[in-house]
There are 2 protein chains.
Amino acid sequence: MTQTQILSKNQQIVLDIIEKAKEPLKAYSILFNVQKKGIKAPLQVYRALEKLIKLGKIHKVESRNAFVACKNSYCRISKATAFSICESCEKVTEINNSKISKYLSNFEDNTGMTYKKYNLEFFGLCKKCR
Amino acid sequence: MTQTQILSKNQQIVLDIIEKAKEPLKAYSILFNVQKKGIKAPLQVYRALEKLIKLGKIHKVESRNAFVACKNSYCRISKATAFSICESCEKVTEINNSKISKYLSNFEDNTGMTYKKYNLEFFGLCKKCR
DNA sequence: ATAACAAACGTTATATTATAACACTATGTT
DNA sequence: AACATAGTGTTATAATATAACGTTTGTTAT
Ligand SMILES: [Zn+2]
Ligand SMILES: [Zn+2]
Ligand SMILES: [Zn+2]
Ligand SMILES: [Zn+2]
């Protein structure tokens, strides 16, 4: 008996293309790239994205409306995500920093909020663009 | 002689409505609300928003595509923004915390990136929704 | 005052991002 | 088999945002 497949066909197709990409992909660019594989409509892409995000396989870079594969061991199913974004060339890197992760995951204030998750985006210039 | 006006007419109208609001406003909801004041097209709103963001009068809550007035002394012209977001009632509060601000503003890594700005969004449940 | 420039404006059209609704299919559990 | 859950395919539409163009207004320099 074969191992239960975790990802569906569409989910795997979308994940593959995001993992292969060197930069964050936008939903409609993903759509364009998977049309040869039979995915024809935006919803098929968005549904796959939603599931992949839930599984922590990918993240959405909110300020860019784009999606990247998870490369970080500290984000534990997308509860603690941090990105570095070059405002010139748009290079995006997931930040893998245990100190920040701990610091922010333990954040509390006196407002009565219970925090489960955060997303942090740093903006600046990369080496090349400086 | 009157003091040089900092904000244009449209900018002031848009700022007023955002400042009066108790929750983040979406661009098209702003548009709807200012139509009685003569602003008719999305672009007029988006241009005002862009300028107000540059001036640090308002911020965009990226994960919600919505806009709030700045209430924070540590974000210095929108270079260091942090928000607390209730995932149930969608209440959004700008976080005013010098420690976080200092900690993140001084963040460096060994990737060669020069950081100028960050945006942090915490997600959870507020007192009422818990 | 007037020329030159920059910023803001008004308008139409269009691009980009995302979801609603509905019927159907596949899969696993009892 | 009966049921529940997740995924699919499709069409239509909603929501968010920008391009392009010409005009107007405000500021600065001579
Ligand atoms: Zn990650
Ligand atoms: Zn760069
Ligand atoms: Zn602020
Ligand atoms: Zn709440």
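These figures come from a predicted structure and were not determined experimentally. Below, read A as the first sequence line, B as the second, and so on, with proteins coming before strands; counting in each chain starts at 1.
Considering B/Arg64, B/Lys26, B/Lys22 as possible partners of B/Glu90, the one that fulfils the salt bridge (charged side-chain N to carboxylate O under 4.0 Å, His left out) test is B/Arg64.
Along DNA chain D, the nucleotide nearest to B/Arg47 and the one nearest to B/Phe67 differ in position, and the one closer to the 5' end is contacted by B/Phe67. The residue among B/Lys26 and A/Ala48 whose nearest nucleotide of DNA chain D is located toward the 5' end is A/Ala48. Between B/Asn65 and B/Pro42, the residue anchored nearer the 5' end of DNA chain C, judged by the nucleotide with its closest heavy atom, is B/Pro42.
Between B/Phe123 and A/Lys79, the closest side-chain pair of non-hydrogen atoms is not below 4.5 Å.
Rounded to whole Å, the distance from OH on A/Tyr46 to C1' on D/dA15 is 11 Å. Distance B/Leu49 CG to D/dT18 P: 10 Å, rounded to the nearest Å. Following rounding to the nearest Å, B/Leu55 (CG) and C/dA8 (C1') show an atom-to-atom distance of 13 Å. Rounding to whole angstrom units, CG of residue A/Leu25 and P of C/dT16 are separated by 16 Å. Counting to the nearest Å, the P atom of C/dT25 and the CG atom of A/Asn10 are 16 Å from each other. Regarding B/Ile39, its CD1 atom lies at a distance of 10 Å from the C1' atom of C/dC9, rounded to whole Å. Atom CG in A/Leu31 sits roughly 13 Å away from atom P in D/dT10 (whole-Å rounding). Nucleotide C/dA6 holds its P atom 15 Å from the NZ atom of B/Lys54, rounded to whole Å.
The side chain of A/Gln11 lies closest to D/dT8, out of D/dT8, C/dG10, C/dA18. Looking at the side chain of B/Lys9, the nearest of the listed nucleotides C/dC9, D/dA17, D/dG9 is C/dC9. With C/dT19, D/dA6, C/dT12 as the choices, the nucleotide that has an atom nearest any side-chain atom of A/Lys51 turns out to be D/dA6. The side chain of A/Leu43 lies closest to D/dT10, out of C/dG10, C/dT11, D/dT10.
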A/Glu87 vs B/Lys117, salt bridge (charged side-chain N to carboxylate O under 4.0 Å, His left out): CA-CA, chis, key distance, verdict:
CA-CA 10 Å; A/Glu87 288 183 305; B/Lys117 202 167 90 179; 3.4 Å; yes
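Phosphate proximity of C/dC9 to B/Ser8: present, with a side-chain N or O under 4.0 Å from OP1 or OP2. Contact annotation: B/Gln44 reaches the phosphate of C/dG10 (side-chain N/O to OP1 or OP2, under 4.0 Å).
Counting distance only, with no hydrogens placed and no angle test, the side-chain atoms of B/Tyr28 and the base atoms of D/dA14 include no donor-acceptor pair under 3.5 Å.
Classified by interplanar angle (parallel below 30°, tilted 30° to 60°, perpendicular above 60°), the ring pair B/His59/B/Phe83 is perpendicular. Between A/Phe122 and B/Tyr118, the ring-plane angle classifies as perpendicular under the 30° and 60° cut-offs.
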